[in-house]
Amino acid sequence: MAASIVCGRTSMFFRSLNGISCSKTLLSANSQTLLLQTASYNPKPLRLKLREPYIPDRSSEKTPDWQKTPRYDRKLFGRYGSASGIDPASLWPNHEQLERIIEEENQWHPPLEVMLKNLQEEERQDTEKRQAKEKLIAANMAKMPKMIADWRKEKLQKKTKMNEEKTRRSKLLAEARESLGQTLDPRNHKFLEMVAELEKEEKKKQKVMKKKQKHEQAAVPPPPPPPVAAP
């Protein structure tokens, strides 16, 4: 029983080896055939009429516009020479075109002297701008102490005015509470009307006081001039 199984497996192994060898033979034969076909490939040459140059007919409507330009004429003359039938003198720029070309060259490629002159002018302008900026900074720095002192003075005046307004407001509220009663809500319309009335009276008093001070200052005679020394 065991011997028959071993013989069967051995025969199967040899058959597989024979199949592999046959496939390798077929592959090698196909590759050789492909190489032979590639080596023997000889395409037909393209039949181009290269003996006569192609010169477009300017009078024909079928000729595109870009083949009627001077640029294309220069291209034809450069490729075919005198066989193109183009006059070389027509390829050179005329007086107007030459002047425009010279003007463009002077604008985009100026001479060395012009470039140096422009560079010096730019340096001079930069120096003037820098000096003006330094002068402005120096002037502002000189004004800085006075500006700081004015700012502190203005800040102190605002703070004093706010304190005075707060004191005046507290005084008016106290007078309104004294007139209407301590238990009255400050948001009551009667209380607010009383405060507004007291503020009007206070402004009138201040206005009268300012007028009085102005009249008193105008009534004071100016001081007498100093005595003139006798010669």
Side-chain angles (χ1 to χ4, degrees), residues 34-35 37-166 210 214 217 222-223 225-226 228:
L34 182 62
L35 289 173
Q37 290 178 356
T38 305
S40 61
Y41 176 70
N42 188 15
K44 296 180 180 180
L46 296 175
R47 296 181 179 179
L48 298 178
K49 295 180 180 180
L50 301 177
R51 296 179 180 178
E52 297 180 0
Y54 170 71
I55 308 300
D57 187 7
R58 291 178 173 272
S59 60
S60 177
E61 296 180 355
K62 297 181 179 180
T63 304
D65 294 336
W66 62 273
Q67 292 184 358
K68 300 178 183 180
T69 59
R71 182 177 181 181
Y72 191 77
D73 290 344
R74 288 192 291 268
K75 186 176 181 180
L76 288 177
F77 186 82
R79 179 177 294 178
Y80 302 117
S82 60
S84 62
I86 297 173
D87 184 11
S90 63
L91 303 177
W92 291 92
N94 54 25
H95 292 288
E96 295 180 357
Q97 294 176 350
L98 187 60
E99 290 178 358
R100 186 169 63 253
I101 292 171
I102 294 173
E103 184 178 357
E104 291 178 355
E105 288 183 353
N106 291 333
Q107 181 179 1
W108 297 104
H109 304 284
L112 181 60
E113 296 179 356
V114 177
M115 294 176 65
L116 291 175
K117 186 177 180 181
N118 294 336
L119 183 61
Q120 292 175 358
E121 181 65 20
E122 290 180 0
E123 291 179 352
R124 185 185 65 80
Q125 292 179 0
D126 293 340
T127 303
E128 290 181 356
K129 291 180 180 178
R130 179 175 53 80
Q131 291 177 354
K133 188 174 181 180
E134 291 176 354
K135 186 177 180 181
L136 180 62
I137 292 173
N140 292 334
M141 291 299 294
K143 296 177 182 178
M144 188 64 68
K146 185 178 182 302
M147 293 172 66
I148 294 174
D150 294 341
W151 173 77
R152 289 178 177 174
K153 183 179 179 180
E154 184 180 358
K155 187 176 180 181
L156 181 61
Q157 288 177 354
K158 288 183 179 180
K159 187 176 181 180
T160 304
K161 189 175 181 180
M162 288 176 63
N163 293 333
E164 291 177 354
E165 185 66 21
K166 187 177 180 180
K210 288 181 179 180
K214 189 175 181 180
Q217 291 177 358
V228 180

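Heads up: numbering here begins at 1 and tracks the sequence.
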Working to the nearest 0.5 Å, report the span between [atom1] of [X] and [atom2] of [Y].
X    : Y    : atom1 : atom2 : result
T63  : I55  : OG1   : CD1   : 11.5 Å
R130 : E134 : CZ    : CD    : 5.0 Å
D65  : R58  : CG    : CZ    : 11.0 Å
L119 : E123 : CG    : CD    : 4.5 Å
E99  : N94  : CD    : CG    : 9.0 Å

Thinking salt bridges, do K117 and E113 make one under a 4.0 Å N-O criterion?
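Answer for the salt bridge query: no.
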Please determine whether a side-chain nitrogen of the Lys or Arg among R100 and E96 lies less than 4.0 Å from a carboxylate oxygen of the Asp or Glu.
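So R100 does not pair with E96 through a salt bridge.
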Just wondering, are more than 12 heavy atoms of other shown residues or ligands nearer than 6.0 Å to CD in E121?
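Counting other residues, nucleotides and ligands, CD of E121 exceeds 12 neighbours.
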Does CZ in R124 sit with more than 12 non-hydrogen atoms of other residues, nucleotides or ligands closer than 6.0 Å?
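Yes, because the 6.0 Å sphere around CZ of R124 holds more than 12 heavy atoms from other groups.
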Do any N or O atoms from the side chain of S60 and from the backbone of D57 form a donor-acceptor pair under 3.5 angstrom?
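Checking the backbone N and O of D57 against the side chain of S60, no donor-acceptor pair under 3.5 Å is found.
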Sequence neighbours excluded, every pair satisfying side-chain hydrogen bond (donor to acceptor under 3.5 Å, both in side chains) that has a member inside residues 137-163:
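Listed by first then second residue: K146-D150.
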Write out all pairs satisfying ring-ring contact (aromatic ring centres under 6.0 Å, His included) with one or both partners inside residues 71-90, taking only residues at least two apart or from two chains.
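Every pair satisfying ring-ring contact (aromatic ring centres under 6.0 Å, His included) with a residue in residues 71-90: W66-Y72.
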